[in-house]
Number of protein chains: 2
Amino acid sequence: MTLRERAAVFKALGHPARLAMVERLGQGECCVCILMEMPKLPKLSGPTISQHLLVLKNAGIIADEKRGKRIFYRLLMPCVADISLCVGGRHGLTNMSTADL
Amino acid sequence: MTLRERAAVFKALGHPARLAMVERLGQGECCVCILMEMPKLPKLSGPTISQHLLVLKNAGIIADEKRGKRIFYRLLMPCVADISLCVGGRHGLTNMSTADL
DNA sequence: TAGTTATTTAGCTAAATAACGAAATAATGA
DNA sequence: TCATTATTTCGTTATTTAGCTAAATAACTA
């Protein structure tokens, strides 16, 4: 993975709406309809949410799958959910676990 | 640390030049003059480098200190250097060490 | 003091991003 | 088949970002 590609991953995470989505997806896959109702953020329109999801998908962070009328997204890089802990908390990764949430 | 602040950290890391600088600073502090000569990137002008460093500083990722004629930068969040490993490599953080470079 | 080196600040332009509403697509249910 | 629901695509606008050159600042050296 090149420097450029790594930077693209961080860039994709560099928006509050997208980071919130990724943190939510860290708990397990969910459909767009759920992501559209996350209370963490000022309510964004459907199209805007959709665009943000596309950005994350293009960076290789998430993948989508259609099931019936809905589209479900899931995290392809589980570590990015942990990264938020690292950045948000003590500044070292060693001995970190999800219990630190 | 709020969602917004965490996102700001990722945003700051989301440019190849800045990510390269952070990865370099992960090996220890250095002055701007060194960062300006990193071979990893297409050569950027001094002012451009300076602006990138300011972005990293505003995000709380690095700090500067003047010593004589030079200004030295160092990493305030050592974990961000490790993050690059996580994103670039296998997608989990457990058992990661610098040997994985 | 004047000159040199290292770095930042200011001012600008071009390109990228974020957001929206309207329209399109796709799957289901009546 | 027609309407409904879930989501994306399109077209537009406002804002932000990345890069440059020129000028300013700060610390050393002759």
Side-chain angles (χ1 to χ4, degrees), chain A residues 2-22 24-25 29-75, chain B residues 2-22 24-25 29-75:
Chain A
T2 66
L3 175 68
R4 257 182 180 63
E5 289 166 337
R6 284 197 304 282
V9 170
F10 289 120
K11 187 175 184 177
L13 295 173
H15 186 287
R18 291 194 296 263
L19 187 56
M21 291 174 189
V22 164
R24 172 64 185 75
L25 290 172
E29 65 158 31
C30 59
C31 67
V32 181
C33 51
I34 298 290
L35 296 172
M36 274 181 32
E37 287 167 11
M38 290 195 310
K40 280 197 178 187
L41 289 174
K43 219 168 170 46
L44 297 171
S45 71
T48 298
I49 299 282
S50 181
Q51 282 310 112
H52 282 310
L53 287 168
L54 183 61
V55 169
L56 290 169
K57 188 176 160 184
N58 287 338
I61 299 171
I62 60 175
D64 59 348
E65 186 193 346
K66 188 160 204 167
R67 289 210 295 274
K69 176 185 332 195
R70 299 193 169 160
I71 298 184
F72 289 81
Y73 280 90
R74 69 176 197 285
L75 215 47
Chain B
T2 66
L3 175 68
R4 261 189 174 61
E5 288 166 337
R6 286 198 302 282
V9 170
F10 288 120
K11 187 174 184 180
L13 295 172
H15 186 287
R18 290 193 296 261
L19 187 56
M21 290 174 191
V22 164
R24 173 63 186 76
L25 290 173
E29 64 157 32
C30 60
C31 66
V32 181
C33 53
I34 298 291
L35 296 171
M36 276 180 31
E37 286 167 12
M38 291 195 310
K40 281 198 176 182
L41 290 173
K43 219 170 169 48
L44 297 171
S45 70
T48 298
I49 299 281
S50 181
Q51 283 310 110
H52 282 310
L53 287 168
L54 183 60
V55 169
L56 291 169
K57 188 175 159 184
N58 287 338
I61 299 171
I62 60 174
D64 59 348
E65 185 192 347
K66 189 158 203 166
R67 289 212 293 276
K69 179 187 326 199
R70 299 192 170 160
I71 299 185
F72 290 81
Y73 281 89
R74 69 176 199 284
L75 214 47

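Proteins get letters first, then strands, A, B, ... in listed order; numbering begins at 1 in each.
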Heavy-atom contacts, protein to nucleotides 12-27 of chain C, under 4.0 Å, summarised as B (base), S (sugar-phosphate only) or - (none) per nt, yield -----SSSBBB---SS

Interatomic distance where [atom1] belongs to [X] and [atom2] belongs to [N] [whole Å]:
{"X": "B:Met21", "N": "D:dA18", "atom1": "CE", "atom2": "C1'", "result": "12 Å"}
{"X": "B:Ile71", "N": "C:dT8", "atom1": "CD1", "atom2": "C1'", "result": "7 Å"}
{"X": "B:Asp64", "N": "C:dT7", "atom1": "CG", "atom2": "C1'", "result": "11 Å"}
{"X": "B:Leu13", "N": "D:dT17", "atom1": "CG", "atom2": "C1'", "result": "16 Å"}
{"X": "A:Ile49", "N": "D:dT7", "atom1": "CD1", "atom2": "C1'", "result": "12 Å"}
{"X": "B:Arg70", "N": "D:dT29", "atom1": "CZ", "atom2": "P", "result": "11 Å"}
{"X": "B:Leu56", "N": "C:dT7", "atom1": "CG", "atom2": "P", "result": "16 Å"}

Residues at least two apart in sequence or cross-chain that pass side-chain contact (heavy atoms from CB on, under 4.5 Å) with A:Ala59, listed by chain then number, are A:Ala12, A:Ile61

Restricting to salt bridge (charged side-chain N to carboxylate O under 4.0 Å, His left out), what partner residues turn up for [X], sequence neighbours left out?
{"X": "B:Glu65", "value": "B:Arg67"}
{"X": "B:Lys66", "value": "none"}
{"X": "B:Lys69", "value": "none"}

Contact check, residues 32-41 of chain A vs DNA chain D, heavy-atom distance under 4.0 Å, returns A:Val32, A:Cys33

### Task
Select base, sugar-phosphate, or nothing to describe what B:Phe72 touches, counting heavy atoms under 4.0 Å on all strands.
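Result for B:Phe72 = nothing.
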
(message) Would you say that B:Leu41 contacts A:Leu3 through its side chain, given a criterion of any heavy-atom pair below 4.5 Å between the two side chains?
(response)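 They are in contact (side-chain heavy atoms under 4.5 Å apart), so the answer is yes.
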
Flag if over 12 foreign heavy atoms under 6.0 Å of CZ, B:Arg24
yes

Contacts of B:Asn58 meeting side chain to side chain donor-acceptor pair (under 3.5 Å) (sequence neighbours excluded), chain-then-number -> none

Contacts of B:Cys33 meeting disulfide (SG to SG under 2.5 Å) (sequence neighbours excluded), chain-then-number -> B:Cys31

Enumerate, atom names and distances included, each donor-acceptor pair closer than 3.5 Å involving a side-chain atom of residues 45-53 of chain B, sequence neighbours excluded.
from, atom 1, to, atom 2, distance (Å)
B:Ser45, OG, B:Thr48, N, 3.3
B:Ser45, OG, B:Thr48, OG1, 2.9
B:His52, ND1, B:Arg18, NH1, 3.0

| task | Compare side-chain N and O positions of A:Tyr73 against OP1 and OP2 of D:dT8 and report whether any pair is under 4.0 Å apart. | result | yes

